[in-house]
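Here the structure comes first, spelled out in structure tokens, and everything after it is commentary.
Throughout, numbering of the chain's residues begins at 1 and tracks the sequence. What you see is a predicted model, and the numbers here were worked out from it, not measured in a lab.
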Amino acid sequence: MNSPSILIDGRNCWRVEQAEKVAFLVDAAAYFHAFRVAAGLAERQLYICGWDINSKIDLLREDPDDGLPVRLGDFLDALVDERPDLHIHILIWDFVRFMGMDRQWFPQFRLGWTSHPNIHFHLDSYYPVGASHHHKFVVIDDCLLFAGGLDLTKKRWDTQEHLAGDE
């Protein structure tokens with residue numbers, strides 16, 4: 001017996017679809033790895049939306065065997081360099097300065113993301129005072145979605161062990 005859905009096509013959502021597969025990634029180690037594998041397969045588009053992004057984070061703690069960089073910024077640059085049809089769209093909150101001490105300042109300039117024609121970087125500043133953009137999702141080629149509570153930024157890394165003092 002199916003329970004009624006609160007989602008109604010065209011009223012409070014674009015449309016309702018059935019997912020073929022669903023997985024829950026609890027720890028950043030699993031998420032960063034899964035993101036890297038999936039993004040490495042992107043052919044046309046990669047949307048990254050988050051509260052923050054940091055080009056200097058390592059997506060893996062070990063060296064990969066695929067020849068692509070481990071560091072996020074270098075990894076994204078390598079993807080668009082290899083695939084001329086791939087476009088990467090990044091949207092993060094245009095944060096207020098007093099909340100930004102932990103964030104990478106001007107990430108769009110640090111990476112050269114403003115100059116690469118296939119990487120489109122945007123800051124979301126359309127929020128009232130005291131509010132923030134807090135969405136966190138990645139969409140790859142309109143067929144894979146990561147949705148949840150982790151940004152691709154520093155101080156998010158953890159493993160199943162959750163060891164105190166683990167960098």
Side-chain angles (χ1 to χ4, degrees), residues 13-15 17-25 27-97 99-127 131-158:
C13 67
W14 174 48
R15 69 182 188 198
E17 292 289 335
Q18 186 72 33
E20 292 178 24
K21 293 182 182 179
V22 174
F24 295 93
L25 304 172
D27 308 303
Y31 172 58
F32 287 3
H33 178 265
F35 164 79
R36 190 177 181 284
V37 169
L41 298 173
E43 296 176 359
R44 297 180 328 276
Q45 60 193 13
L46 172 59
Y47 294 100
I48 300 171
C49 181
W51 185 81
D52 189 20
I53 192 168
N54 191 302
S55 65
K56 296 179 181 180
I57 64 162
D58 289 336
L59 296 170
L60 303 173
R61 294 295 191 248
E62 67 281 343
D63 287 330
D65 57 4
D66 60 9
L68 292 169
V70 171
R71 185 154 287 171
L72 176 61
D74 297 336
F75 173 72
L76 296 178
D77 284 339
L79 291 181
V80 293
D81 283 343
E82 287 181 0
R83 299 172 192 149
D85 293 334
L86 176 64
H87 285 264
I88 299 176
H89 299 267
I90 301 168
L91 175 68
I92 65 167
W93 177 42
D94 190 5
F95 58 94
V96 292
R97 299 298 174 231
M99 295 185 77
M101 299 313 292
D102 258 355
R103 298 179 71 177
Q104 181 180 14
W105 287 76
F106 306 110
Q108 68 274 34
F109 297 110
R110 294 252 169 100
L111 282 172
W113 284 348
T114 57
S115 61
H116 198 293
N118 289 22
I119 296 182
H120 315 278
F121 192 91
H122 304 280
L123 296 171
D124 186 354
S125 61
Y126 297 102
Y127 287 87
S132 73
H133 162 119
H134 223 33
H135 319 324
K136 297 171 183 78
F137 64 84
V138 171
V139 180
I140 300 170
D141 289 339
D142 289 334
C143 65
L144 179 64
L145 167 71
F146 292 94
L150 282 172
D151 290 303
L152 294 167
T153 192
K154 67 181 188 172
K155 296 188 179 180
R156 302 301 192 268
W157 184 267
D158 65 345

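Within the 4.5 Å cutoff, side-chain heavy atoms of Gln45 are placed close to those of Asp141. Between Leu76 and Ile90 the shortest side-chain heavy-atom distance falls below 4.5 Å. Residues Phe121 and Ile92 are in side-chain contact: their nearest non-hydrogen atoms beyond the backbone lie under 4.5 Å apart.
Atoms CD1 and CD1, from Ile140 and Ile88 in turn, are 9.5 Å apart once rounded to the nearest 0.5 Å. Interatomic distance, Leu152 CG to Ile48 CD1, rounded to the nearest 0.5 Å: 5.5 Å. Atom OH of Tyr47 is separated from atom CG of Leu145 by 13.0 Å, given to the nearest 0.5 angstrom. Interatomic distance, Ile53 CD1 to Lys136 NZ, rounded to the nearest 0.5 Å: 13.0 Å. Expressed to the nearest 0.5 Å, how far CG of Asp81 lies from CG of Asp74 amounts to 10.5 Å. From Asp151, atom CG reaches atom NE2 of His135 across 12.0 Å, with rounding to the nearest 0.5 Å.
The ring pair (Phe, Tyr, Trp, His ring centres under 6.0 Å) search around Phe146 returns Tyr31, not counting sequence neighbours. Taking Glu17 as the reference, Arg15 meet the salt bridge (Lys or Arg N to Asp or Glu O under 4.0 Å) condition, with sequence neighbours excluded. Among residues two or more places apart in sequence or in another chain, the side chain to side chain donor-acceptor pair (under 3.5 Å) test is passed with Glu82 by none.
Residue pairs that meet the salt bridge (charged side-chain N to carboxylate O under 4.0 Å, His left out) test with at least one member in residues 38-47, sequence neighbours left out, do not exist here. For residues 53-87, every residue pair satisfying the ring-ring contact (aromatic ring centres under 6.0 Å, His included) rule, not counting sequence neighbours, is listed here: His87-His120. Sorted by first and then second residue, the pairs that involve residues 27-36 and meet salt bridge (charged side-chain N to carboxylate O under 4.0 Å, His left out), not counting sequence neighbours, are Arg36-Asp66.
In this structure, Leu72 and Leu59 approach most closely via the heavy-atom pair CD1-CD1, 4.0 Å. When all heavy atoms are compared, the tightest approach of Gly40 to Leu79 is CA-CD2, 3.9 Å. Of all heavy-atom pairs between Leu68 and Ala78, the closest is CD2-CB, 4.0 Å. Summarising the geometry of Asn118 relative to Pro84, their closest heavy-atom pair is ND2-O, 2.9 Å, with the distance given to 0.1 Å.
In this structure, His89 places its NE2 atom where more than 12 heavy-atom neighbours from other residues, nucleotides or ligands lie under 6.0 Å away.
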